[in-house]
Amino acid sequence: MSAEAGPLRDAHGRALTDLRVSVTDRCNFRCRYCMPAEGMRWLERSDLLTFEEITRLVRIFAELGVTHVRLTGGEPLARRDFPELVRMLRGIEGIEDLALTTNGYLLKRYADALVEAGIDRVNVSVDSLARDRFHEITRRDALPQVLEGLAAIARHERVRPIKVNAVAMRDFTEDEVWRFCELARSSDYQVRFIEFMPLDGDRSWSPEAVLTGAELRALIETRHPLVELPREPHATARVFRFADGPGEIGFINPVSEPFCADCNRLRLTAEGRLRTCLFSLRETDLREPLRAGASDEELAELIRAAAWRKELKHRVNEPGFVPPPRTMSAIGG
Ligand code: SAM
Ligand code: SF4
């Protein structure tokens, strides 16, 4: 079998309908699980896809059946005129869901413009609800500003659901759990814990540092019984409601419970490389042919062929696992 015309599929029978687009590798934070404190080497501006190039590629992906697009980075709001990109992508036929993942630092400033431009959903990454511990993990004293950003986007009722994502790390997140439960119970934000993956810039990840979703859930259930909600197709999170009151909490368990069999995702890096897995060791350059004058059909062919080769699964838990040379901020999480 080989890649055929029609919607994007891989050789394992999965339809690929979800595209994560990184718009920059730069960031105003230095989260410990993502970037080193110093010494990151950034892409040159001319290396980045322009908004027009991103829009053209996303239109081709949409013609190939992609319906969901999430903008990420680096920190997407750190890219100049970012709401303009949202507006351009909003105009593409076939994109049913246009979402953003942000650290929230600039969200207060851009919330209204993002909604006006047509953003559907926003995820905000918050790893601690205590100011000093937030500072410790992100290396920025920015919790108040992030919470203001979260409140600014939440004022727009059509941007729902709003998800708050926390990376779960052993010997850190255990002490955050009750504050996050309180947030989930007192707001309509869906709080989700993400297992720490070996994509950090410091290369300090170890299996022992992963605080699993099952461990966190057991800890939460010592106080608040949880009831699992039906899993939506392709959902990465297992979502629960509190049995004793309102609120939802989710667990994204890529390390302890890989969800590769149901994965429908592709990723486009800020410099235009197509990745078929977070942990891919190979990439397909779309920028070079695009800048050399390739037609839409030629680019679609390259995309189809790369999608077809999507990895069956990641191998984080297998002996001899090799982490990709790129770390999370350079891939687009
Ligand atoms: N800067 C934005 C943010 O932080 O939301 C978007 C990019 S960030 C790379 C996307 C997501 O990846 C964030 O929720 C972040 O917490 C998560 N992330 C980064 N490094 C990670 C790692 N090593 N393991 C698990 N999640 C990670
Ligand atoms: Fe920046 Fe997001 Fe990485 Fe934190 S997780 S350093 S906010 S890209």
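We count ligands from 1, going down the list as the structure has it; atoms in each ligand are counted the same way. Source: prediction; values computed, not measured.
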Review point. Is there a donor in the side chain of E208 and an acceptor in the side chain of S206, or the other way round, less than 3.5 Å apart?
Key: yes
Practice item. Determine whether the side chains of T102 and E75 contain a donor N or O and an acceptor N or O closer than 3.5 Å. Key: yes
Point to revise | Student check: side-chain heavy atoms of P198 and V316 closer than 4.5 Å | key: yes
Check your understanding: Do the non-hydrogen side-chain atoms of L48 and R79 ever get within less than 4.5 Å of each other?
Key ->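 Yes - at least one pair of side-chain heavy atoms lies under 4.5 Å apart.
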Considering only the protein, which heavy-atom contact is closest to [atom], and what is its distance?
atom	value
atom 27 (C) of ligand 1	M328 CE, 3.5 Å
atom 1 (Fe) of ligand 2	C27 SG, 2.3 Å
atom 26 (N) of ligand 1	V167 CG2, 3.6 Å
atom 3 (Fe) of ligand 2	C34 SG, 2.4 Å
atom 25 (C) of ligand 1	E195 O, 3.5 Å
atom 15 (C) of ligand 1	Y33 CE1, 3.9 Å

Check your understanding: Is the number of heavy atoms from other residues, nucleotides or ligands under 6.0 Å of R282 CZ greater than 12?
Key ->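 Incorrect, the count does not exceed 12.
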Check your understanding: Taking the six-membered ring for Trp, are F29 and Y105 ring centroids under 6.0 Å apart?
Key -> yes
What atoms of ligand 1 come within less than 4.0 Å of a heavy atom belonging to [X]?
X	answer
T72	6 (C), 7 (C)
E75	1 (N), 2 (C)
F196	23 (N), 24 (N)

So does [Y] get a backbone contact from the side chain of [X], meaning a donor-acceptor N/O pair under 3.5 Å?
X	Y	answer
R265	R20	no
E53	T50	yes
H234	D262	yes

Short N/O distance, under 3.5 Å, between [X] and ligand 1?
X	answer
M197	yes
D127	no
S125	yes
T102	yes
T101	no

Point to revise | Residue selection (non-hydrogen contact nearest atom 1 (N) of ligand 1) among G73, C34, G74 | key: G74
Review point. Taking only heavy atoms of C31, which atoms of ligand 2 are found under 4.0 Å from at least one of them?
Key: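 In order of number, 4 (Fe), 5 (S), 6 (S), 7 (S).
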Exercise for review: In plain terms, say whether D285 and R291 are close enough for a salt bridge, that is, a side-chain N and a carboxylate O under 4.0 Å apart.
Suggested key: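 No.
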